[in-house]
Amino acid sequence: MIKQHNLILHTEKQSIHLKIPEDLSVRLALDIAGLRVRAACGGIGTCGACSIKTVQGSFNARTLAEWQKIPAEEREADIRLACQLYLNSDAEVFLDNPAPESNWKSLDLQHWADYHYPKFEVKHNIYAVAVDLGTTHIRLSFWDRNTQQRIACRHGNNPQVALGEDVLTRLDAHRQREDNLQSLTEIVRDAIIEGIRDILARDIGEIKAILAKVGAVNIVGNTVMLAILGGQEGSELYDPESWEHQITCLPVDLPAWKQAWRMPDADITIQAPLAGFIGSDILADLIAIDITQHSEPILLADFGTNTEIALWDGKQLWLTSVPGGPAFEGVGLQNGLSAEAGAIRAVSLINNRFVFDTVDDEIAKGFCASGFVDAIALLRTQGELKLSGRFLNPHPEGFLLDKTNPHTAVKSGDIDAFQRAKAATAAAMQQLLLLADISIDNLCELWICGAFGQHLNVDNAQISGLIPTMDSSRIKLFGNAALSGCEKMLLAPNAKKITDDLRELVHVINLSQFPEYDDCFINHLRLKPFLGDK
Amino acid sequence: MFETYINDYNEAVFEIDKELALEVIESALEEGVTPEQVVFNIIIPSIEVMMAEIVINADTNLAQHFMTAQIAAEVTEQMLAKFESPPDIIGRVIIGTSYGDLHSLGKRIVMGCLKSMMVDVVDLGVNIKAEAFVDAAVAQDAQIIAISSMMVHTATGEEGSLKVRSLLKERHLEDKIKLVVGGAPYRFDHELYNKVGADSWAADGVTAAKIIHQLIMDGKS
């Protein structure tokens, strides 16, 4: 177990508290937190831009790069390079000149299974990009295909959120957008290239020349996002007839797109979604966990605005999707937040007091989806919230977990939104299990993917019946599964065959064809555990 | 006497506890309440209480709406079989989701409540063309066409309510048949029902039943 230390970082404007493992540089830790140092070399100490002043604590000894890059008088003033700086104890540092605020943060790669792809000689255009395009978030990683090394990862918000939270509102906005405004296609393409440029500027230190050497871009995502990205109208998504068929989402203007991205030789692939509302992001999830290599049944759910669910029965894949509503992304709740500073990502009860784990350790400003799941479970076990989703006693302004902070209120409307989202998901899981004739007890594993999965407390998720009740050792969380699978499609030597084979095994289920789904949904509205047959 | 049953029954419905709600009805029957009284003196007043509750108390949620309709329909169905003489049906509604829309839950809430209120409901199902609505209304001598849409494009689409309105006009049926719409898009734009040519709308399934009931009664008077 790697030791963790507390770091307090001061700037002119604010102070933040972080927990940093001993083997993570201060620069990378700050990149993840989103308050970034200036940088232009990828953290190898050659640009000298990331200077930071140590105030107190014990650190590693100065590296050669620091002796070379930091003038003597600054060294005497305890200036170090953040990319070379590691903590040996709790510490305090001062950052004089932080990088401008950015939409992009580095992904926390701890607990992320690292694949080692066999090296293969790529003579030209050695760089490659993997992109997971979500309704709310965009995740991407930049690779050197010669060394098969991930240079850096980023995640940021999809700026289209301002034009609608769920996929259909977004599609409506896309079609009705007036000609004089920037199209949703341009908005999302600009966002992705901005994320790539952020990596190049900070982690390589060169943009134009590197973009010219990008040979492949692989993009997965939900169907609506990919249709918009490709520049298509997406009209077929309105037609129920096309909901069960594969949708190609081919870009309509590839040469212009490549030119706009300054990647003349890039092979840009939009991975075709599996059906109207089942994107290629879940295909990437399935590839990431090698689902077809298992002989036992596995259930996988990628929670999000559009929640996609897959059941592997050992022979074929049953797939469906349900509207999770934005409840699973935090943003759709009245008192909800995405994973920004102050968002409550976990709640626990210590000595009868609710204790919050917030992003950047800031004062609670609202709930992330995972924090809300905890809050519901704790209020249920405390008896404050009834199975129906109603409070034991009236709380017109919501139940305040911290009496002094209105942002900690669990509101009735938010509980209702959560109940609907969890009932839709649980009922969909139950319907797939029924169709494949598999009981919860026979499930070998349950995988929870999507950002929601990253901080989910599975015991609490089981109390409200969001996921089936099963031994927690069989439940696996994999927040970045879609990006990981997308990388595999880009880098594994037999990637195309894996992807094509998997597509052959897919059996898409449109739940509206099953009248019993409605009853199942109603039964799952109560905040009670989702139990198996036994 | 009925007040206690209504309170107990409604409390169970509010707790989305179907078993308890059914127990209340069961014990009412055991204590000599007739099936007719169950429907007219417990179920219908309790739906009315729920309708009033929705207006004054935002703490009713979707789960409760579903449960109100589901239990009401189920109990009414059971009681109707035990009625001494067939009940008077106050009117008939043709219901379905708009063309391109497969969301059926909102429609179910409306149907459950209407059935208990002695309104005959003919359910055409999901993804229904405008012609089918009008043809069915004529064939079944219905007073109301009710269309549920959960998406903006199905609410405002040319094949939806707009076309039903133009068909009603074309066939000179506007006096005889009223058009009611409901579903999420109408909650965001309270004037949308007008734009799609409907006579009325409701923000939720339980209230929709109330409005449809009212339109039928208005038509009669």
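Given the structure is predicted, the values throughout are model-derived calculations rather than measurements. The figures that follow rest on heavy atoms only: side chains count, while hydrogens, waters and symmetry mates do not. Here is the naming used below: chain letters follow the sequence lines, and residue numbers restart at 1 for every chain.
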**Q** What residues of residues 146-163 of chain B sit under 4.5 Å from chain A when only non-hydrogen atoms are counted?
**A** Met151(B), Val152(B), His153(B)
**Q** Could you measure the distance from the CG atom of Asp17(B) to the NZ atom of Lys386(A)? Nearest 0.5 Å is fine.
**A** 10.5 Å
**Q** So for Asp172(A), is it side chain, backbone, both, or neither that comes closer than 4.5 Å to the heavy atoms of chain B?
**A** side chain
**Q** For Arg175(A), is the CZ atom crowded, meaning more than 12 foreign heavy atoms sit under 6.0 Å from it?
**A** yes
**Q** For residues Asn523(A) and Lys18(B), determine if any side-chain heavy atom of one lies less than 4.5 Å from a side-chain heavy atom of the other.
**A** no
**Q** Measure distances from Asp519(A) to the heavy atoms of chain B and classify the residue's part below 4.5 Å as side chain, backbone, both or neither.
**A** both
**Q** Side chain, backbone, both or neither: which part of Pro515(A) has a non-hydrogen atom closer than 4.5 Å to chain B?
**A** backbone
**Q** Of the backbone (N, CA, C, O) and the side chain (C-beta and beyond), which part of Arg526(A) lies under 4.5 Å from a heavy atom of chain B, both, or neither?
**A** both
**Q** With a 4.5 Å heavy-atom cut-off (strictly below), which parts of residues 94-108 of chain B touch chain A? List them by number.
**A** Gly100(B), Leu102(B), Ser104(B), Leu105(B), Arg108(B)
**Q** Any salt bridge between Glu11(B) and Arg390(A), counting N to O under 4.0 Å?
**A** yes
**Q** Which bit of Phe521(A) is near chain B, if near means a heavy-atom gap under 4.5 Å: side chain, backbone, both or neither?
**A** side chain
**Q** Quick one: CD1 on Ile522(A) to CD1 on Ile71(B), what's the gap to the nearest 0.5 Å?
**A** 10.0 Å
